Asker: 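Below is one structure. I have some questions about it.
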Amino acid sequence: MNKDFMLKAVYLAKKAEETDDVPVGAIVVKDGEIIGEGYNKREADGDPTAHAEIVAIRQAAETLGSWRLDGCELYVTLEPCPMCTGAIINSRIETLVFGAYDKKAGSASNESVTNLFNLPYNHIPTVYGGICEKECAELLTEFFKKRRV
């Protein structure tokens, strides 16, 4: 686990905000190298599946030429939703590192709505939550505060 990778995900989250998307950023790392990165593009692309994690996972799979992301780490600024948790399981990501907990849609910890990793799927990653939590949560708080004005 590397805090610099999470800070890179924070940087990407800020790019999502520029297109009026919820500021979430993600990167996939293998052997210390970034092989995929993404940020929320649902508004920009008009695609409900264009979450930061999905964008980063797709890019990583393209980089490796395989859907199997064995030995990879995913860093994301917000706890993954059920769709993204499923993508993590199906892509065989080894380690998930996330920043802010998502009490309304989170599916990767016992602190949130549910923890899909508690179910007996064929692959369960190692999970670290709350990494750079303050920085990640502040991005979201400020984004939604501006939208309510």
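Keep in mind that what you see is a predicted model, and the values were worked out from it rather than measured. The analysis underlying the following values was restricted to heavy atoms, covering all of them including side chains, and did not include hydrogens, waters or symmetry mates.
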Asker: Sort and list the pairs that fulfil ring-ring contact (aromatic ring centres under 6.0 Å, His included) and have at least one residue in residues 2-28, not counting sequence neighbours.
Answerer: Phe5-Tyr75
Asker: Answer yes or no: is there a donor N or O on one side and an acceptor on the other, between the side chain of Asn40 and the main chain of Ala16, under 3.5 Å?
Answerer: no
Asker: Can you tell me if Glu73 uses its side chain to pair, donor with acceptor, with the backbone of Thr95 under 3.5 Å?
Answerer: no
Asker: Taking Val28 as the starting point, is it possible to reach Leu78 by hopping between hydrophobic residues whose side chains are less than 4.5 Å apart?
Answerer: yes
Asker: Does the pair Ile89 and Phe117 meet the rule for a side chain to side chain contact (heavy atoms under 4.5 Å, CB included), with working shown?
Answerer: CA-CA 8 Å; Ile89 291 166; Phe117 299 133; 3.6 Å; yes
Asker: Remaining members of Ile54's ILVMFWY cluster at a side-chain heavy-atom cut-off under 4.5 Å?
Answerer: Met83
Asker: Under 4.5 Å between side-chain heavy atoms, hopping through other hydrophobics if needed: is there a path connecting Ile27 to Ile57?
Answerer: no
Asker: If I compare all heavy atoms of Glu79 with all of Ala108, which pair ends up nearest, and what's the gap?
Answerer: OE2-N, 2.9 Å
Asker: Quick one: which residue pairs count as a ring-ring contact (aromatic ring centres under 6.0 Å, His included) with a foot in residues 86-109, not counting sequence neighbours?
Answerer: Phe98-Tyr101
Asker: Is there a chain of hydrophobic side chains (I, L, V, M, F, W, Y, each step under 4.5 Å between heavy atoms) that links Ile35 to Trp67?
Answerer: no
Asker: Between Ala56 and Ala26, which heavy-atom pair has the shortest distance, and what is it?
Answerer: CB-O, 3.8 Å
Asker: On a heavy-atom basis, which atom in Pro82 and which in Ala105 lie closest, and how many Å separate them?
Answerer: CD-O, 3.6 Å
Asker: Could you list the donor-acceptor pairs under 3.5 angstrom formed by side chains in residues 122-142, with sequence neighbours left out?
Answerer:
unit_1: His123; atom_1: NE2; unit_2: Ile93; atom_2: O; d: 2.6
unit_1: Thr141; atom_1: OG1; unit_2: Ala137; atom_2: O; d: 3.0
unit_1: Glu142; atom_1: OE2; unit_2: Lys145; atom_2: NZ; d: 3.4

Asker: Minimum heavy-atom separation for Gly106 and Ser112, please, with both atom names.
Answerer: O-CB, 3.7 Å
Asker: To the nearest 0.5 Å, what is the distance between OG (Ser109) and CG (Asn118)?
Answerer: 9.5 Å
Asker: Report the distance from atom CD1 of Ile88 to atom CG of Leu96, rounding to the nearest 0.5 Å.
Answerer: 4.5 Å
Asker: Check whether any side-chain heavy atom of Met6 lies under 4.5 Å from a side-chain heavy atom of Val97, and answer yes or no.
Answerer: yes
Asker: Can you get from Val113 to Leu119 by hopping between Ile, Leu, Val, Met, Phe, Trp and Tyr side chains that sit under 4.5 Å apart?
Answerer: no
Asker: Which pairs with one or both residues in residues 27-49 pass salt bridge (charged side-chain N to carboxylate O under 4.0 Å, His left out), sequence neighbours excluded?
Answerer: Lys8-Glu37
Asker: Leu74 and Leu64: same hydrophobic cluster, using ILVMFWY side-chain contacts below 4.5 Å?
Answerer: yes
Asker: I'd like to know if the side chain of Asp102 reaches the main chain of Cys81, judged simply by a donor and an acceptor atom lying under 3.5 Å from each other, with no hydrogens or angles considered.
Answerer: no
Asker: Which pairs, with at least one residue in residues 53-72 and sequence neighbours excluded, count as a salt bridge (charged side-chain N to carboxylate O under 4.0 Å, His left out)?
Answerer: none
Asker: Please say whether more than 12 non-hydrogen atoms of neighbouring residues, nucleotides or ligands are located less than 6.0 Å from NZ in Lys103.
Answerer: yes
Asker: For residues Thr77 and Leu12, determine if any side-chain heavy atom of one lies less than 4.5 Å from a side-chain heavy atom of the other.
Answerer: no
